[in-house]
Visitor: 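Structure below; questions to follow.
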Amino acid sequence: MAQDMDRRTFLTAAGGAAAATSMTAGCISGLVGEGGDGDGDGGGGGTLTYGRGAASSTLDPQATTSGEVAKVTNQVYDKLIGFEPGGSALTESLATNFSLDGTTATLELREGVTFHNGDEFTADDFIATYRRFLDEDYEYYVGEDGSIYGSYLLGVVDEVSADGDYTLTFELNKRYAPFLANLTVFALAVLPKSEIESGTDFATTMVGTSAFQFETMDEGSGLVRLSGYDDYYGEGPHVDEVVFEVISENSTRASSLNAGEVDIIDGLDAQTLTQVENGSGEVRRIKGMNVGYLALNMAQFEPFRDKRVRKAMNYAVDTEEIAGSIYQGIATAASQPITEDILGYNDELSVYEHDPEQAQSLLEEAGYGDGFDLEVATFQNPRAYNPSPVQAAETVASYLEDVGINVTIEQRTWESYLSYTGQGNHDAAFLGWMTDNGDPDNFYYALLHPQVDVPEGQDWVSWDTENYNTSNRAAWANSEFMDLVEQGQTTYNDDERAELYQEAGAIFHEECPWVPMVHAEEIRGVGPDVENYVVELIGGPFLNQVQLS
């Protein structure tokens, strides 16, 4: 998550809330919760304005990993399976029932759904969506513009077929526990076949089935305007239109909320949280499923190929202090990629204590007793897992300089930053991930598995390796870790999966490809006129259910 990247009991189609991932051995089936009421009762409630820190670089869900894109496209497009607002249980969406048995997944689709262009939704629309993402022989294949999500989410699919208009069958090339959860991810938004095959530019327009339809996007200001879709099959919409407005400064965004200029804001840091609390708005917060981290690029920066140097980085940075001072209680220091509510969390792993003497000793052992010059890259726009990125980078730099590491900070705007680090240009880079689907695989495989073969005896991968997983910004490639994560994908028993991810977490902790920074709360500022808004844990924001008084 997106980069933000969003997202844990989650594997289960019959699971509960954000407590623990659950999987039924051999077969996963279900639906959890209820879909919309199908009343199509939309409109009539004014304009809901959502203030955020950065713009969407595209509107094409298959061409990005950005959470800023997802929060807009999620209003217009539906996926086959969804999440209940504020929770992590899978719910019906365009599919009303779904199951995974061995290597076969079967989905029964909702009837009577229409796209915003008037087309009726059928199984063929998903097949065209799938082919656009993955089928190089399809005339409308997205090609090099496609994001890593295609191969990551659907790479195990050997064949997807339709039985009539309303049944989809996926044949997988192996048992794959995260499959149903993967179908919830924003990148698998269902596009209409007719628009795909008529050459619609999905980067600048959207045609979906959800509660809001696309009106305009101003590339200069980043403002996106949506209107309510009266024929939506689910709940709402309850407002006439939604406007996404970009306000990059956190304090300005909070002032706009207090002045009634916007209705909901995200990306609050500790200071603006107080600003909202002292104003007319309300702060709503939930425990997040995310991680902020500093990736140590082993391919780009040779000293990081020595584990002692990577460990020294962890001992040098006081993440407990950063969580307390910069985040001021809205985050906790992280010892591992996943949070404690996620299947496979390892209770025995502790946050590295701040020990500059130990850091210096390790650097001397590694032959870097005189330190080295290091570029640390960071983004400028606030993210939920790092609402004050420049301040965090400056603080980390000061810790590193205490042990002789001379830091230069490279600042970039969000989309430029994703491109810069996605090409492996960084020595070390601040990043974060908000779960896409609530599964541990969504952290361990997505962020730390290279997804390519690795030269024997080497624990890193060159960025120019064909099909390399560029979301692995550390270029880390530990074969034992990779084997455990792959076993976790093919195991359908919860307890067995938990043990595999706990072992993988222990290897991560020992090998230190990152300095794991924090797990942050999901915090929103909400205006006094907003009703029925629930802070999203995964997916969303669920603006279709929001009303304005």
Side-chain angles (χ1 to χ4, degrees), residues 31-50 59 61 69-87 90-98 107-126 129 165-166 183-186 188-195 200 202 205-217 224-244 263-264 530-534 536 538-548:
L31 60 88
V32 175
E34 299 296 331
D37 56 13
D39 59 2
D41 59 353
T47 297
L48 175 68
T49 303
Y50 189 104
L59 297 176
V69 175
K71 69 181 63 168
V72 174
T73 60
N74 281 347
Q75 311 309 315
V76 174
Y77 292 109
D78 288 317
K79 284 73 68 179
L80 293 175
I81 302 173
F83 282 107
E84 60 183 10
L90 305 186
T91 65
E92 63 180 72
S93 183
L94 290 176
T96 55
N97 205 350
F98 37 86
L107 286 82
E108 300 297 330
L109 305 184
R110 185 184 300 273
E111 300 184 27
V113 174
T114 56
F115 286 98
H116 303 151
N117 65 357
D119 289 359
E120 184 173 352
F121 161 71
T122 70
D124 285 342
D125 294 299
F126 180 80
T129 300
D165 287 340
Y166 300 107
L183 294 178
T184 66
V185 178
F186 78 94
L188 298 188
V190 180
L191 313 175
K193 179 181 178 182
S194 66
E195 299 287 343
T200 294
F202 290 102
T205 193
M206 297 180 281
V207 184
T209 57
S210 201
F212 295 97
Q213 57 190 344
F214 178 67
E215 293 293 337
T216 60
M217 179 174 70
V224 179
R225 188 177 299 277
L226 313 175
S227 63
Y229 181 52
D230 290 341
D231 290 332
Y232 178 50
Y233 60 88
E235 177 187 356
H238 302 292
V239 297
D240 294 321
E241 62 176 5
V242 168
V243 173
F244 284 92
D263 299 299
I264 301 172
V530 174
E531 298 177 357
N532 297 332
Y533 171 68
V534 176
E536 62 277 7
I538 310 172
F542 299 92
L543 302 183
N544 61 298
Q545 62 182 17
V546 174
Q547 294 178 303
L548 295 174

Visitor: What's the separation between atom CG in L183 and atom CG in L94, rounded to the nearest 0.5 Å?
Guide: 11.0 Å
Visitor: If I take atom CZ from residue F214 and atom OG1 from residue T205, how far apart are they, to the nearest 0.5 angstrom?
Guide: 5.0 Å
Visitor: Do V190 and L80 have side-chain heavy atoms sitting under 4.5 Å apart?
Guide: yes
Visitor: Measuring from E108:CD to Y166:OH, what's the distance to the nearest 0.5 Å?
Guide: 12.5 Å
Visitor: Using modelled atom types only, decide if a donor and an acceptor are shared between the side chain of H116 and the backbone of S210 within a distance under 3.5 Å.
Guide: yes
Visitor: Ignoring hydrogens and angles, tell me if any N or O in the side chain of N74 forms a donor-acceptor pair with the backbone of K71 under 3.5 Å.
Guide: no
Visitor: Could you walk me through whether M217 and V72 satisfy the side-chain contact (heavy atoms from CB on, under 4.5 Å) test, starting with their C-alpha distance in whole Å, then the side-chain angles of each, then the deciding distance to 0.1 Å, before giving a yes or no?
Guide: CA-CA 11 Å; M217 179 174 70; V72 174; over 6 Å; no
Visitor: Hey, what do you get for CD (E195) to OG1 (T129), rounding to the nearest 0.5 Å?
Guide: 11.5 Å
Visitor: Answer yes or no: is there a side-chain heavy-atom contact under 4.5 Å between L109 and T122?
Guide: no
Visitor: In chain order, what residues pass the side chain to side chain donor-acceptor pair (under 3.5 Å) check against E215, with sequence neighbours excluded?
Guide: S227
Visitor: Please check: side-chain N/O of N544 versus main-chain N/O of P237, any donor-acceptor pairing under 3.5 Å?
Guide: no
Visitor: Among V113, D78, D165, find the residue that satisfies the side chain to side chain contact (heavy atoms under 4.5 Å, CB included) test when tested with F121.
Guide: V113
Visitor: Passes side-chain contact (heavy atoms from CB on, under 4.5 Å), V69 versus L59? Steps please.
Guide: CA-CA 6 Å; V69 175; L59 297 176; 5.8 Å; no
Visitor: From I81 CD1 over to L90 CG, what is the distance, rounded to the nearest 0.5 angstrom?
Guide: 6.0 Å
Visitor: Would you compute the distance between atom NZ of K79 and atom OG1 of T184 and round it to the nearest 0.5 angstrom?
Guide: 7.5 Å
Visitor: Could you walk me through whether L48 and Y533 pass the side-chain contact (heavy atoms from CB on, under 4.5 Å) test, one step at a time?
Guide: CA-CA 11 Å; L48 175 68; Y533 171 68; over 6 Å; no
Visitor: Do S194 and D119 have side-chain N/O donor and acceptor atoms under 3.5 Å apart?
Guide: yes
Visitor: Does a side-chain heavy-atom distance below 4.5 Å link P541 with I264?
Guide: no
Visitor: Regarding N532 and Q547, do their side chains bring together a donor and an acceptor under 3.5 Å, going by distance alone?
Guide: yes
Visitor: Just jot down the ring-ring contact (aromatic ring centres under 6.0 Å, His included) partners of F126, sequence neighbours excluded, or say none.
Guide: F170
Visitor: Would you please say whether a donor-acceptor pair under 3.5 Å links the side chains of T209 and Y233?
Guide: no
Visitor: Is there side-chain contact between V243 and V224, with heavy atoms separated by less than 4.5 Å?
Guide: no
Visitor: With sequence neighbours left out, what residues match E241 under side chain to side chain donor-acceptor pair (under 3.5 Å)?
Guide: T47, R225
